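Here is the structure we will look at, set down as structure tokens.
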Amino acid sequence: MDTVNLLQLENEEQIELHKKARQFANENVGNNVYFRGLIEFSNMCKNDCLYCGIRKSNNKLIRYSLSKKEILDCAKFCFDNKYSSIVLQSGEGQDIDFVVNLIKSIKTNYDLRITLCLGEYSKQDYQKMFDAGAERYLLRIETTNKELYGQIHPNNMIFENRMKCIKDLKAVGFQVGSGVMVGIPGQTVEDLAKDLDFLKEMDMVGMGPYIPCKETPMNKEINFKKNYDFSLNMVALLRLLSPKINIAATTALQVIRPKGREAALMAGANVIMPIVTPQKYRANYQLYDDKPCVNESSKDCMCCITNRIKSVGLNPALGEFGDSLKYQERVK
Ligand code: SAH
């Protein structure tokens with residue numbers, strides 16, 4: 001069966017696909033699920049992506065930036081609780097000197113792997129972040145269909161530039177992650193199959209269903225159930241295409257089904273991102289409506305995530321960095 005057909009599997013056949021992918025994960029990356037403490041340190045953004053709740057034009061939210069001290073406290077929480085890795089995520093346009101200085105401080109104080117998810121910068125700036133000590137970078141391509149990419153982004157955001165950024169990140173030496181949104185209005189199954197071809201070359205992938213946000217121009221009716229199934233099938237197929245890749249069970253899945261993240265783990269995902277943003281800021285970092293964990297504390301999220309992992313018989317891999325084995329193969 002080809003990818004386009006496999007992506008559309010339902011019922012028994014779908015369960016079989018997910019089982020096979022989980023088994024493949026066990027054989028290639030083990031039964032560990034790695035933690036990445038997600039610090040959403042600023043919702044300030046210079047971009048106006050048509051789908052995103054923190055886009056520049058959304059004036060319904062209170063803009064915030066955590067102080068360096070607040071971010072270090074989040075990092076300490078992750079270190080103390082053996083998460084071993086953090087993700088620094090924000091809207092676009094963060095000051096490069098602030099970022100570089102922050103990375104250095106975190107690395108000086110805590111033995112943590114750092115993933116950055118800050119959007120597009122020049123190769124020189126990526127180099128500075130890498131030299132400061134960050135090991136990983138996430139930049140979702142959102143969709144590999146250039147025309148569709150153009151429809152969901154403002155004119156100043158260029159598909160080729162995003163591709164170039166991903167290439168630059170690899171050249172600089174990062175473990176590089178990308179991803180797509182599944183179920184963007186106008187996206188086809190063929191598009192998703194092409195996305196998989198692109199994503200299988202990454203070291204890490206985070207992808208999940210597109211969830212509309214009321215305060216954006218792209219607030220259209222979508223088929224949640226279908227996008228949920230496609231998202232899980234994407235995870236399973238990616239695992240089969242790229243055995244050693246790190247795949248995140250993303251929070252967006254949980255908007256559609258309470259056990260969405262567990263389902264992704266069962267379909268071959270091996271990374272999870274508990275939110276560690278201080279509770280008081282969470283309501284202002286809603287990329288989409290009904291984002292889970294907004295009323296929870298970092299401690300709540302830690303317990304909840306640990307239980308979710310155990311509930312599906314996998315191992316919460318606290319105390320392990322969980323570097324991408326795919327990356328290690330790539331740079332050998
Ligand atoms: N500014 C950073 C971080 C963006 S937020 C960057 O450009 O990389 C991280 C991801 O959230 C985005 O890449 C996008 O794929 C996802 N996202 C944003 N809005 C979303 C929505 N409405 N539904 C699902 N995912 C969304």
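Counting convention: from 1, in listed order, for ligands and their atoms alike. This is a predicted model, so every value here is computed, not measured.
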Minimum-distance protein heavy atom relative to [atom]:
{"atom": "atom 26 (C) of ligand 1", "result": "Met181 SD, 3.5 Å"}
{"atom": "atom 11 (O) of ligand 1", "result": "Leu287 CD1, 3.5 Å"}
{"atom": "atom 19 (N) of ligand 1", "result": "Tyr51 CD1, 3.4 Å"}
{"atom": "atom 13 (O) of ligand 1", "result": "Glu142 OE2, 2.6 Å"}
{"atom": "atom 24 (C) of ligand 1", "result": "Pro209 O, 3.4 Å"}

Non-hydrogen atoms of Glu40 versus ligand 1: any pair closer than 4.0 Å? no

Q) Taking the non-hydrogen atoms of Gly179, is any one of them nearer than 4.0 angstrom to ligand 1? A) no

Note to self: My understanding is that we take every heavy atom of each candidate and find the minimum distance to atom 9 (C) of ligand 1. Doing that for Lys46, Arg140, Gln89, Glu92, which one comes out nearest?
What the structure shows: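 Considering heavy atoms of Lys46, Arg140, Gln89, Glu92, the nearest to atom 9 (C) of ligand 1 sits in Gln89.
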
Filtering Gly91, Ser90, Cys52 for the heavy atom nearest atom 4 (C) of ligand 1 leaves Ser90

**Request:** Please work out whether any backbone atom (N, CA, C, O) or any side-chain heavy atom from C-beta onward of Cys45 is under 4.0 Å from ligand 1, and answer side chain, backbone, both or neither.
**Result:**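 None of Cys45 does.
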
Logged contact type for Cys49 with ligand 1, heavy-atom cut-off 4.0 Å, is neither

Verify the distance criterion only: is there a donor paired with an acceptor across the side chains of [X] and [Y] at less than 3.5 Å?
{"X": "Ser105", "Y": "Lys68", "value": "yes"}
{"X": "Asn32", "Y": "Asn315", "value": "yes"}
{"X": "Ser90", "Y": "Ser42", "value": "no"}
{"X": "Asn233", "Y": "Gln14", "value": "yes"}
{"X": "Asp191", "Y": "Asn145", "value": "yes"}
{"X": "Lys244", "Y": "Ser324", "value": "no"}
{"X": "Asp203", "Y": "Asn246", "value": "no"}

Apply side-chain hydrogen bond (donor to acceptor under 3.5 Å, both in side chains) to residues Arg136 and Ser85 and explain how you reach the verdict. CA-CA 10 Å; Arg136 310 174 181 150; Ser85 292; 3.0 Å; yes

What are the atoms of ligand 1, with element, lying closer than 4.0 Å to any heavy atom of Arg162?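 Every atom of ligand 1 under 4.0 Å from some heavy atom of Arg162: 7 (O), 8 (O).
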
Gly119 heavy atoms within 4.0 Å reach ligand 1 at atoms 2 (C), 6 (C), 7 (O), 8 (O)

Output for pair (Ile106 CD1, Asp111 CG), nearest 0.5 Å, gives 13.0 Å

Self-check item: Short N or O distance, Ile211 and ligand 1, threshold 3.5 Å exclusive
Solution: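 Yes, there is a polar N/O contact under 3.5 Å.
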
